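This report refers to the structure that appears directly beneath it.
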Amino acid sequence: MTESLKTERLVLRRWREADREAFRAMNGDPRVMEFMPKALTTAESDAMMERMERHFERHGFGLFAAEVRGSGELAGFVGLSVPGFEAPFMPAVEIGWRLAAEYWGRGLATEGAREALRWGFEELGLDEVVSFTAEGNARSRRVMELLGMTHDATDDFEHPGLAEGHRLRRQVLYRMRRVGRQTRPSRV
Ligand SMILES: CC(C)(COP(=O)(O)OP(=O)(O)OC[C@H]1O[C@@H](n2cnc3c(N)ncnc32)[C@H](O)[C@@H]1OP(=O)(O)O)[C@@H](O)C(=O)NCCC(=O)NCCS
């Protein structure tokens with residue numbers, strides 16, 4: 001199993017006990033969680049860290065801790081995961097990201113995600129990676145566009161985990177397919 005990936009400015013690696021405090025602070029920040037149903041409590045943040053590690057064990061890939069090279073600070077997470085709900089585009093592997101606000105606007109999410117996509121296509125043998133977010137999440141959609149993912153509005157969907165009328169229920173779906181290699185079964 002891949003334990004870490006490197007980019008110019010980031011190390012994407014498995015989670016450590018020392019990440020817990022910074023991860024709690026990011027997940028508790030209303031700016032970061034604007035397009036999530038709510039900011040996370042300490043217990044919810046800890047539970048998410050455990051779920052991410054369990055996902056690696058179950059699937060052989062997951063959402064990595066994104067550490068800033070040199071300083072060793074935790075910037076957030078970037079990686080691949082299997083969505084935990086049913087939707088028209090499932091089964092699928094999703095690319096996801098979340099960074100603490102002080103790291104935004106430096107191209108770090110795009111840099112980490114580019115490497116995660118390369119990993120997914122070249123090393124995990126995936127044929128397609130999707131990404132989705134609430135319709136109004138312009139920052140996240142911009143990252144999807146910078147990565148070269150494509151959006152077809154007929155793929156957009158209502159998030160089944162959110163009640164009708166919820167401000168985040170409408171989700172946009174972006175896709176990217178592997179190019180230039182023969183198709184073989186994905187490992188999902
Ligand atoms: C989405 C997120 C990861 C982006 O991180 P980031 O490191 O700032 O992203 P990057 O710097 O790589 O790219 C951001 C791009 O969006 C642009 N951007 C920044 N603010 C923007 C805004 N309000 N509207 C549109 N584009 C915006 C930047 O200019 C940059 O584009 P450019 O390179 O063409 O100038 C970060 O904002 C975040 O963690 N948000 C909260 C969590 C979240 O919403 N995650 C996704 C949920 S699905």
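First listed ligand is number 1; within each ligand, the first listed atom is number 1. Every heavy atom of this structure was used, including side-chain atoms; hydrogens, water molecules and symmetry mates were not. It should be emphasised that the depicted structure is a prediction, and the values quoted were computed from it without experimental measurement.
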Looking only at protein heavy atoms, what sits closest to atom 44 (O) of ligand 1 is Asn137 ND2, 2.8 Å
Modelled atom types, side-chain donor and acceptor of Thr7 and Glu115, under 3.5 Å
no
heavy-atom search around atom 39 (O) of ligand 1 in the protein gives Leu99 N, 2.7 Å
Taking only non-hydrogen atoms of Val143 and a 4.0 Å limit, the atoms of ligand 1 in range are 4 (C), 9 (O), 13 (O)
Across all chains, not counting sequence neighbours, the side chain to side chain contact (heavy atoms under 4.5 Å, CB included) partners of Glu164 are Arg169
I'd like to know whether ligand 1 has Met36 as a neighbour, heavy-atom separation below 4.0 Å.
yes
Heavy-atom check, side chain of Val68 versus side chain of Arg9, under 4.5 Å:
no
For atom 16 (O) of ligand 1, the closest protein heavy atom turns out to be Arg142 CG, 3.0 Å
The closest protein heavy-atom partner of atom 33 (O) of ligand 1 is Leu146 CD1, 3.8 Å
Checklist entry - Can you find a pair of side-chain heavy atoms, one from Val82 and one from Phe61, that are under 4.5 Å apart? => result yes
heavy-atom search around atom 27 (C) of ligand 1 in the protein gives Arg139 CG, 4.2 Å
Test item: Val32 and Trp104 side chains (from C-beta on) under 4.5 Å apart, heavy atoms
yes
### Message
Among all the protein's heavy atoms, is there at least one whose distance to atom 1 (C) of ligand 1 comes out below 4.0 Å?
### Response
yes
of all protein heavy atoms, closest to atom 38 (C) of ligand 1 is Trp104 NE1, 3.3 Å
To atom 45 (N) of ligand 1, the nearest of Phe77, Phe132, Trp97, Phe35 on a heavy-atom basis is Trp97
CG of Leu74 to CH2 of Trp15, rounded to nearest 0.5 Å, is 5.0 Å
When distances are taken from atom 13 (O) of ligand 1, the protein heavy atom at minimum range is Thr110 OG1, 3.6 Å
Nearest non-hydrogen contact to atom 11 (O) of ligand 1 from the set Ala138, Gly96, Gly76, Gly107 belongs to Gly107
Sorted by chain and number, sequence neighbours left out, side chain to side chain donor-acceptor pair (under 3.5 Å) with Arg13 holds for Asp19, Glu67
_Under the criterion salt bridge (Lys or Arg N to Asp or Glu O under 4.0 Å), I'd like the reasoning laid out for Arg178 against Glu128: C-alpha separation, chi angles, the key distance, then a yes or no._
CA-CA 6 Å; Arg178 177 169 52 167; Glu128 185 177 63; over 6 Å; no
Q | Verify atom 35 (O) of ligand 1: protein non-hydrogen atom under 4.0 angstrom away | A | no
If you scan protein heavy atoms around atom 7 (O) of ligand 1, the nearest is Ala109 N, 3.1 Å
For Leu108, the atoms of ligand 1 under 4.0 Å from one of its heavy atoms are 7 (O), 12 (O)
(request) Is it possible for you to check whether Arg14 lies under 6.0 Å from the centre of the six-membered ring of Phe56, through NZ or CZ, and within 45° of that ring's axis? (result) yes
Ligand 1 to Val32, heavy atom cutoff 4.0 Å, flagged ligand atoms 41 (C), 42 (C)
